[in-house]
Amino acid sequence: MRYWLFKSEPGEFSFDDLKNSPQSTTHWHGVRNYQARNFLRDEIKVGDQVLFYHSSSENVGVMGVAEVVKAGYPDATAWEVESLYYDPTSTPENPRWFMVDIRWKQAFKRLVTLQEIKNTPALQNMKLVQKGMRLSVQPVTKEEFEKICEMGTRP
DNA sequence: GCCAACGTTGGC
DNA sequence: GCCAACGTTGGC
């Protein structure tokens with residue numbers, strides 16, 4: 001089992017939006033970055049655990065945990081002309097972009113803030129806090145995952 | 001809203 | 001293949 005961090009702007013799609021979705025599950029569509037695409041297509045598997053991160057908002061940090069319930073498959077929004085994520089270079093025969101399905105699993109008792117992560121020695125190597133790192137889908141280690149869960153579930 | 005740091009595009 | 005211009009991300 002592997003561990004990941006997914007970023008979302010809560011104004012677009014929040015952790016609560018995930019919880020309130022049908023079956024608390026959603027297609028993680030719209031990722032248009034090749035590095036992230038490769039993770040979605042090749043490496044993220046059913047059962048993998050996901051830290052759900054809110055970016056670009058007043059409260060930046062990890063909200064809780066989701067679980068992968070379907071591994072990589074083509075992102076159909078790429079060939080929907082009316083979609084925000086339309087990309088004419090992706091076709092059903094030769095899809096360029098991929099997505100996975102994730103299901104809401106557990107809300108932390110409190111937000112684990114970006115600032116707090118930056119201030120935690122054990123989390124200094126997280127991709128999230130590396131200078132210039134903007135990947136919206138990124139791997140985290142088991143140790144990092146467990147540390148953040150511990151921080152989020154303790155008062 | 002600002003802006004630094006990236007990633008992508010496209011002319012050459 | 002280089003690189004300038006442009007668009008995007010995301011913290012602040």
Side-chain angles (χ1 to χ4, degrees), chain A residues 2-21 26-44 48-68 72-102 104-141 143-145 147-154:
Chain A
R2 296 184 63 182
Y3 303 89
W4 308 91
L5 182 144
F6 285 15
K7 294 181 188 173
S8 187
E9 298 189 23
E12 298 296 318
F13 190 83
S14 71
F15 193 52
D16 279 346
D17 290 337
L18 175 61
K19 186 179 185 181
N20 295 328
S21 296
T26 196
H27 318 289
W28 202 253
H29 67 277
V31 174
R32 295 293 179 267
N33 169 281
Y34 289 104
Q35 226 183 323
R37 185 280 307 270
N38 292 345
F39 289 135
L40 291 168
R41 185 187 61 189
D42 304 330
E43 301 198 38
I44 301 179
D48 284 2
Q49 304 293 300
V50 174
L51 296 171
F52 198 104
Y53 178 86
H54 278 180
S55 67
S56 297
S57 70
E58 285 180 29
N59 300 303
V60 173
V62 180
M63 294 288 293
V65 177
E67 180 169 332
V68 177
Y73 63 106
D75 180 347
T77 63
W79 51 75
E80 291 168 0
V81 178
E82 67 282 4
S83 170
L84 208 65
Y85 303 105
Y86 176 60
D87 178 357
T89 66
S90 182
T91 63
E93 296 72 33
N94 190 17
R96 173 168 299 201
W97 305 113
F98 286 75
M99 58 187 179
V100 300
D101 289 358
I102 61 170
W104 188 95
K105 184 173 180 183
Q106 175 202 4
F108 288 162
K109 290 202 177 83
R110 61 183 188 80
L111 183 74
V112 178
T113 66
L114 176 60
Q115 195 55 54
E116 198 177 353
I117 290 170
K118 286 179 174 172
N119 291 340
T120 301
L123 300 176
Q124 291 311 294
N125 290 328
M126 281 189 76
K127 291 196 187 304
L128 184 69
V129 297
Q130 305 310 309
K131 190 176 169 63
M133 172 52 65
R134 304 189 314 191
L135 259 190
S136 64
V137 170
Q138 53 182 255
V140 304
T141 67
E143 291 72 24
E144 290 161 352
F145 179 86
K147 180 66 181 174
I148 288 186
C149 287
E150 178 207 318
M151 290 160 73
T153 48
R154 137 189 116 200

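In what follows, chains are A, B, ... by sequence order, proteins preceding strands, each numbered from 1.
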Give the rounded distance in Å between these two atoms: [atom1] of [X] and [atom2] of [N].
X	N	atom1	atom2	result
A:Q130	C:dG11	CD	P	14 Å
A:Q138	C:dT9	CD	P	15 Å
A:Q35	B:dT8	CD	C1'	14 Å
A:R134	B:dC3	CZ	P	17 Å
A:Y85	C:dT8	OH	C1'	13 Å
A:E9	C:dT9	CD	P	7 Å
A:M133	C:dG10	CE	P	11 Å
A:Q115	C:dC12	CD	P	6 Å

Has A:K131 got a side-chain N or O lying under 4.0 Å from the OP1 or OP2 atom of B:dA5?
->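 For B:dA5, OP1 or OP2 has a side-chain N or O of A:K131 closer than 4.0 Å.
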Contact under 4.0 Å: A:Y53 side-chain N or O vs C:dT9 OP1/OP2 |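 For A:Y53, the contact criterion (side-chain N or O under 4.0 Å from OP1 or OP2 of C:dT9) is not met.
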More than 12 foreign heavy atoms under 6.0 Å from CD of A:E12: is that the case here?
->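 No, CD of A:E12 has 12 or fewer neighbouring heavy atoms, counting only those of other groups under 6.0 Å.
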Quick one: side-chain contact (heavy atoms from CB on, under 4.5 Å) partners of A:Q35, sequence neighbours excluded?
->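 A:Q35 satisfies side-chain contact (heavy atoms from CB on, under 4.5 Å) with A:N33, A:L135 only.
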Would you classify A:S56 as touching base, sugar-phosphate or nothing, given that sugar-phosphate means primed atoms plus P, OP1 and OP2, and contacts are heavy atoms under 4.0 Å?
->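 Here A:S56 touches the bases of the nucleic acid.
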A:Y34 side-chain proximity, nearest of B:dC6, B:dT8, C:dG11 =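 My answer, after comparing the listed nucleotides, is B:dT8.
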Passing candidate, ring pair (Phe, Tyr, Trp, His ring centres under 6.0 Å) with A:W28, options A:F52, A:F39, A:W4, A:F98 =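 When A:F52, A:F39, A:W4, A:F98 are each tested with A:W28, the ring pair (Phe, Tyr, Trp, His ring centres under 6.0 Å) holds only for A:F52.
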Parallel under 30°, tilted from 30 to 60°, perpendicular over 60°: which one fits the rings of A:Y85 and A:H29?
->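 A:Y85 and A:H29: perpendicular rings.
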